[in-house]
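A quick write-up on the structure given underneath.
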Amino acid sequence: MGIYLNPGNKGFWESIRSKIYVDKTGLIARTNEFMNTEDKFICVSRPRRFGKSMALKMLAAYYSCGCDSKDLFTGLIIENDPEFDEFRNKYDVIFLNMQQFLSEAEPGKLTEYLEKAVIAEIRRVYGELFQEQETILASVLRQIYVETERQFIFLIDEWDCVMRERPKDDVLQRSYLDFLRNLLKDQPYVALAYMTGILPVKKYGSHSALNMFAEYSMTDQDVFEEYTGFTEDEVKELCERFDMDFEETSRWYDGYRFKKFHHIYNPRSVVESMRRQDYSNYWTSTETYEALKIYMDMDFDGLRADVVQMLAGGFVKVNTRSFQNDMRTFETKDDVLTLLVHLGYLAHNSKTKEVFIPNKEIMEEFETAMSVRGWSEVMRVLRASDKLLEDTIRCDAEKVAEGLDKAHMEVASILTYNNENSLGCAVSLAYYSARKDYKMIRELPTGHGFADIVFLPLPHAGKPALVVELKYDKTVDTAIQQIKGKHYSQALEGYTGEILLVGVSYDKVTKKHECVIEKME
């Protein structure tokens, strides 16, 4: 076994020995389907700490010759696959961690350093099949294939680190992409190439060196959806095993949505939460809020207003196709929003073509990024939201109206009132802190229409439910009467606690809010 050639199964052995291991070996059956087909080039991109490296260690353990991993997979999902034995430990695997090579190589000599290191290891096994002075990795592998018909599986981790860490070095990027193309494209020795990174591969300017790869990204994971993170069933099992509250776990770490699997959880954060028996911000502690803030401050086409709308629990339309798959080419706000999807700071609904902040963990990261500078007006609204909720629960309608007036004045430069939707966004933001004790639902179906905003108390809260109806340039009494007349409270089926009916109106002439609060009989 080596470092680059046939790294063996120790990495996967450590994974399954861990206190928390979630069986994702079904991924192997998926990759087996692509073996030696025209679809054998796979690029799976996900955010940091979403299990990319662990998946590669698992694939290395399964495919690498020179070891026998049958016992490691005993009792796991892949063992029951009819092709389990056909590919197991039958291939030479070349494992490349590009982050390691980039860190160790002299400036501008990434590919030369990589080829020297990998060829030196291959020489120990196949040295008699190529000349000693050979320095081109692709040439070495072709000669081995000609003599032995041995094929290789390429597992490449952090493939995009050059683009992320050397964003302005066009020469390095181009030479790196050319190296990968020459190594992999149209080469008979390639049985499968599986790359992982944060960014997809398709569009680095006009230089489409890796256009043979199929992309599976956070905007469309396709057949790899359930292997992107933890599924809802997997998290339920963990919560039962570790005696953790599933609803609270969902509130903190759920939110990534795909076509088939509508609830994908951040795996790193769920594992840490179970292990530590606590809910906190675990995933983003490996990142920095400065990175998020840089992108938030790029106010293309009203990006700041979109961020505010998402903080309020809203959704924003996005066109992900214009994104150039790098971290410096931004022409529109769609490019910035799409990058935030790939980084994991936003979730993407491919059906509605919308993005949103997925969960409480990520919401806290947005708060941290805003608190530094440049978002002071929004932070003042968030800090005042505790008082607004207290006034609402005390049924002090006058104080609530005053609080909404102040909140509107703070964000007026970012968020423009022009209809009930924008009013709803501002009101949701004003009640931001309520999410500590409530589940906030925008546009809740009631059977007789949609309640604008419903705050359903969490089990620990001990607070009343709030049914909020909003009216733009109409009377506040109209709002209360609509809640009663359409029986919106009936949508809270199974809830037996106190319910407050909250009507809010905004007059576009006076630029004032009015509020009426009634306790439901």
Side-chain angles (χ1 to χ4, degrees), residues 3-4 6-18 20-35 39-64 67 69 72-73 76-79 81 83-84 87-89 91 93-100 152-161 191-201 213-218 220-231 234-235 238 256 258 260-261 264-272 283 286 342-344:
I3 298 173
Y4 314 117
N6 296 324
N9 56 27
K10 185 176 181 182
F12 183 61
W13 174 74
E14 291 177 348
S15 295
I16 62 176
R17 290 185 70 249
S18 300
I20 300 176
Y21 171 73
V22 174
D23 186 355
K24 292 291 185 179
T25 57
L27 171 66
I28 297 171
R30 289 294 188 190
T31 58
N32 284 344
E33 293 173 6
F34 298 123
M35 188 78 70
D39 303 314
K40 62 186 176 184
F41 297 101
I42 302 166
C43 181
V44 177
S45 57
R46 302 174 193 160
R48 288 193 184 280
R49 310 301 289 178
F50 264 65
K52 299 187 296 295
S53 297
M54 183 178 291
L56 287 177
K57 292 174 183 177
M58 177 183 71
L59 295 175
Y62 176 75
Y63 290 119
S64 287
C67 64
S69 300
L72 288 183
F73 291 101
L76 301 179
I77 292 170
I78 189 60
E79 184 188 25
D81 187 86
E83 295 183 335
F84 173 59
F87 301 108
R88 178 177 50 80
N89 303 128
Y91 282 87
V93 169
I94 294 181
F95 193 109
L96 305 176
N97 184 329
M98 292 303 182
Q99 183 69 64
Q100 173 194 332
F152 294 80
I153 290 176
F154 291 82
L155 303 178
I156 303 176
D157 201 7
E158 301 280 4
W159 88 269
D160 59 334
C161 65
L192 180 75
Y194 185 102
M195 297 198 313
T196 68
I198 294 175
L199 299 176
V201 301
F213 275 89
E215 299 172 8
Y216 304 90
S217 73
M218 293 302 285
D220 186 4
Q221 284 285 335
D222 197 50
V223 297
F224 296 110
E225 283 186 10
E226 65 181 296
Y227 310 111
T228 304
F230 289 168
T231 66
E234 290 165 346
V235 174
L238 288 174
Y256 298 96
F258 298 115
K260 181 179 178 181
F261 288 82
I264 292 292
Y265 292 68
N266 183 318
R268 154 79 174 192
S269 300
V270 171
V271 167
E272 286 300 303
W283 171 69
T286 66
H342 291 301
L343 294 176

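Scope of the values below: all heavy atoms of this structure, side chains included, with no hydrogens, waters or symmetry mates. Just so you know, these numbers come straight off a predicted model, no measurement behind them.
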Next item on the list: Measure from the side-chain N and O atoms of Asn6 to the backbone N and O of Ser64, and report whether any donor-acceptor pair falls under 3.5 Å.
Entry: no
Notebook entry, point to check: Take atom CE in Met98; do more than 12 heavy atoms of anything else shown fall under 6.0 Å from it?
Noted result: yes
Notebook entry, point to check: Between Leu192 and Lys40, which heavy-atom pair has the shortest distance, and what is it?
Noted result: CD1-O, 3.4 Å
Item checked: Nearest heavy atoms of Tyr227 and Arg46, plus distance in Å -> O-NH2, 2.9 Å
Note to self: So Ser53 and Thr196, do their side chains get closer than 4.5 Å, heavy atoms only?
What the structure shows: no
Next item on the list: For the residue pair Phe34 and Phe224, categorise the inter-ring angle as parallel (less than 30°), tilted (30 to 60°) or perpendicular (more than 60°).
Entry: tilted
Notebook entry, point to check: Which atom pair, heavy atoms only, marks the closest approach of Val223 to Arg30?
Noted result: O-NE, 3.6 Å
Notebook entry, point to check: Does Trp159 reach the side chain of Val201, with side-chain heavy atoms less than 4.5 Å apart?
Noted result: yes
Check: Looking at CD of Glu226 and CD1 of Ile264, how far apart are the two atoms once the value is rounded to the nearest 0.5 Å?
Finding: 8.0 Å
Checklist line | Nearest-0.5 Å distance that lies between atom CG in Leu59 and atom CZ in Phe95 | finding: 9.0 Å
Notebook entry, point to check: Below 4.5 Å, heavy atoms only, C-beta onward: do Ile94 and Ile153 meet side chain to side chain?
Noted result: no
Next item on the list: First locate atom OH of Tyr216, then atom CD1 of Ile42, and finally report the distance between them rounded to the nearest 0.5 Å.
Entry: 6.0 Å
Check: Just by distance, do the side chain of Glu215 and the backbone of Pro200 share a donor-acceptor pair under 3.5 Å?
Finding: no
Checklist line | Exercise: identify the closest heavy-atom pair between Gly229 and Pro267 | finding: CA-CD, 4.0 Å
Margin query: Using the ring centroid of each side chain, check whether Tyr62 and Phe12 are separated by less than 6.0 Å.
Written below: no
Checklist line | Nearest non-hydrogen partners of Tyr63 and Ile28, listed with the distance | finding: OH-O, 4.0 Å
Next item on the list: Determine yes or no for a side-chain-to-main-chain donor-acceptor pair under 3.5 angstrom, with Thr25 supplying the side chain and Ile78 the backbone.
Entry: yes
Note to self: Determine whether a donor-acceptor pair (N or O, by modelled atom type, separation under 3.5 Å) exists between the side chain of Glu225 and the backbone of Lys260.
What the structure shows: yes
Note to self: Is it the case that the side chain of Asn89 and the backbone of Ser69 share a donor-acceptor pair, with hydrogens and angles ignored and the cut-off at 3.5 Å?
What the structure shows: yes
Item checked: Any donor-acceptor N/O pair, Asp160 side chain to Gly197 backbone, under 3.5 Å -> no
Item checked: OH-NZ distance between Tyr194 and Lys52, expressed to the nearest 0.5 angstrom -> 10.0 Å
Next item on the list: With the side chain counted from C-beta on, respond yes when Thr228 and Met218 share a heavy-atom pair under 4.5 Å apart, and no when they do not.
Entry: yes
Next item on the list: Could you tell me whether Glu234 and Lys24 make a salt bridge, using a distance below 4.0 angstrom between a side-chain N and a carboxylate O?
Entry: yes
Margin query: Using ring centroids (six-membered ring only for Trp), state whether Phe50 and Tyr256 fall under 6.0 Å.
Written below: yes
Next item on the list: Rounded to the nearest 0.5 Å, what's the gap from OG on Ser15 to CE on Met58? Could you check?
Entry: 9.5 Å
Notebook entry, point to check: Quick one: are Tyr265 and Val271 in side-chain contact, heavy atoms under 4.5 Å?
Noted result: no
Notebook entry, point to check: Would a distance-only check, ignoring hydrogens and angles, find a side-chain to backbone donor-acceptor pair under 3.5 Å from Asp23 to Ile77?
Noted result: yes
Check: Are side-chain heavy atoms of Ile20 and Leu238 found at a separation under 4.5 Å?
Finding: yes
Next item on the list: Determine the minimum heavy-atom distance between Cys67 and Gly8, stating which atoms define it.
Entry: SG-CA, 4.1 Å
Next item on the list: Dump the intermediate steps for side chain to side chain contact (heavy atoms under 4.5 Å, CB included) on Asn97 and Glu158, then the final yes or no.
Entry: CA-CA 6 Å; Asn97 184 329; Glu158 301 280 4; 4.2 Å; yes
Notebook entry, point to check: From His342 NE2 over to Ser217 OG, what is the distance, rounded to the nearest 0.5 angstrom?
Noted result: 4.5 Å
Notebook entry, point to check: Going by heavy atoms in the side chains, are Tyr91 and Met35 under 4.5 Å from each other?
Noted result: yes
Item checked: Verdict with reasoning, Leu96 to Leu155, per side chain to side chain contact (heavy atoms under 4.5 Å, CB included) -> CA-CA 6 Å; Leu96 305 176; Leu155 303 178; over 6 Å; no
